[in-house]
Amino acid sequence: DGGITQSPKYLFRKEGQNVTLSCEQNLNHDAMYWYRQDPGQGLRLIYYSQIVNDFQKGDIAEGYSVSREKKESFPLTVTSAQKNPTAFYLCASSSSQPETQYFGPGTRLLVL
Amino acid sequence: GQQLNQSPQSMFIQEGEDVSMNCTSSSIFNTWLWYKQDPGEGPVLLIALYKAGELTSNGRLTAQFGITRKDSFLNISASIPSDVGIYFCAGRETSGSRLTFGEGTQLTVNP
């Protein structure tokens, strides 16, 4: 089946630890995105990539890093510099025309 | 980043009632999207609109791209309990490369 997968579903982070969230798509989409969602709120863009080996900061990139070495994969690292990482993280992808984004199932990150 | 003004924030309705929600922007958009999110899950695309004035249906759902290109609405007819969830609008500015999301409408349907 075509779609977007995110793993793990739940992730626990200790203080001072970096963690990496996985996002894979087999839709042959060029663009991929990472969003953060806090309880009762909308989606805020962290990073996005429109093509392999290129990515841009979104509105809340501080404390996060990404890579785009393969078209299918766009992992997000939550670094120790992110002081409030507890949130629901959503990955999305889109083709260039028309630009309609499709979402993965999300990863919930909790701090121990 | 710019935020869309989505209203209402929440709705409590009886099963069988019709529902209407809308989004407005200060900028002109060339794409409007409507998503539904169930608790603990990712948003699922309901309807995509690409032309001003476009009216598109998906079962009991109908959405329209406003003529001014600064607004869109979503209607749900004859609501059922499984319509419960958060509905998000999203739009892309004519000169932009990113989507802007509304804050969501929380829908509760009482049986």
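The structure presented is a predicted model; accordingly, all values stated were derived computationally and were not measured. Each chain gets a letter, A, B and so on, in the order its sequence line appears, and its residues count up from 1.
Looking at B:Gln37, the atoms closer than 4.5 Å to chain A (heavy atoms on both sides) all sit in the side chain, from C-beta outward. Contacts between A:Gln50 and chain B at a heavy-atom distance below 4.5 Å involve the side chain alone, from C-beta outward. For A:Gln37, the part lying near chain B is the side chain, with the backbone staying farther off; criterion is any non-hydrogen pair under 4.5 Å. Of the atoms belonging to A:Ile60, not a single heavy atom falls under 4.5 Å from chain B.
Within 6.0 Å of CD1 in B:Ile80 there are more than 12 heavy atoms belonging to other residues, nucleotides or ligands. Remark: A:Lys9 NZ is packed, more than 12 non-hydrogen atoms of other residues, nucleotides or ligands lying under 6.0 Å away. Crowding of A:Gln17 atom CD: a count of heavy atoms from other residues, nucleotides or ligands under 6.0 Å exceeding 12. Heavy-atom contacts from other residues, nucleotides or ligands closer than 6.0 Å to CD of B:Gln14 number more than 12.
Closest of all the heavy-atom pairs between B:Gly42 and A:Leu90 is CA-CD2, 3.6 Å. The two residues A:Thr100 and B:Ala48 come nearest to each other via the heavy atoms OG1-CB, 4.2 Å. For B:Phe88 against A:Gln41, the heavy-atom pair with the smallest separation is CZ-O, 4.1 Å. Here the closest heavy-atom approach between residue B:Glu41 and residue A:Phe88 is recorded as O-CE2, 3.5 Å.
When side chains are defined from C-beta on, A:Tyr33 does not count as touching B:Leu99, because their heavy atoms never get closer than 4.5 Å.
Under the 4.5 Å side-chain heavy-atom criterion for Ile, Leu, Val, Met, Phe, Trp and Tyr, A:Tyr47 and A:Leu43 are members of distinct hydrophobic clusters. Under the 4.5 Å side-chain heavy-atom criterion for Ile, Leu, Val, Met, Phe, Trp and Tyr, A:Phe55 and A:Tyr89 are members of the same hydrophobic cluster.
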Original post:
How far apart are the C-alpha atoms of A:Tyr102 and B:Leu45, what are their side-chain angles, what is the distance that settles it, and do they pass the side chain to side chain contact (heavy atoms under 4.5 Å, CB included) test?
Top reply: CA-CA 7 Å; A:Tyr102 297 89; B:Leu45 182 67; 3.8 Å; yes

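B:Phe73 pairs by the ring-ring contact (aromatic ring centres under 6.0 Å, His included) definition with nothing, not counting sequence neighbours. Listed by chain and number, the residues in a side chain to side chain donor-acceptor pair (under 3.5 Å) with A:Ser22 amount to none (sequence neighbours excluded).
Interatomic distance, B:Arg98 CZ to A:Ser94 OG, rounded to the nearest 0.5 Å: 13.0 Å. Between the CD atom in A:Gln101 and the CZ atom in B:Phe101 there is a gap of 5.0 Å [rounded to 0.5 Å].
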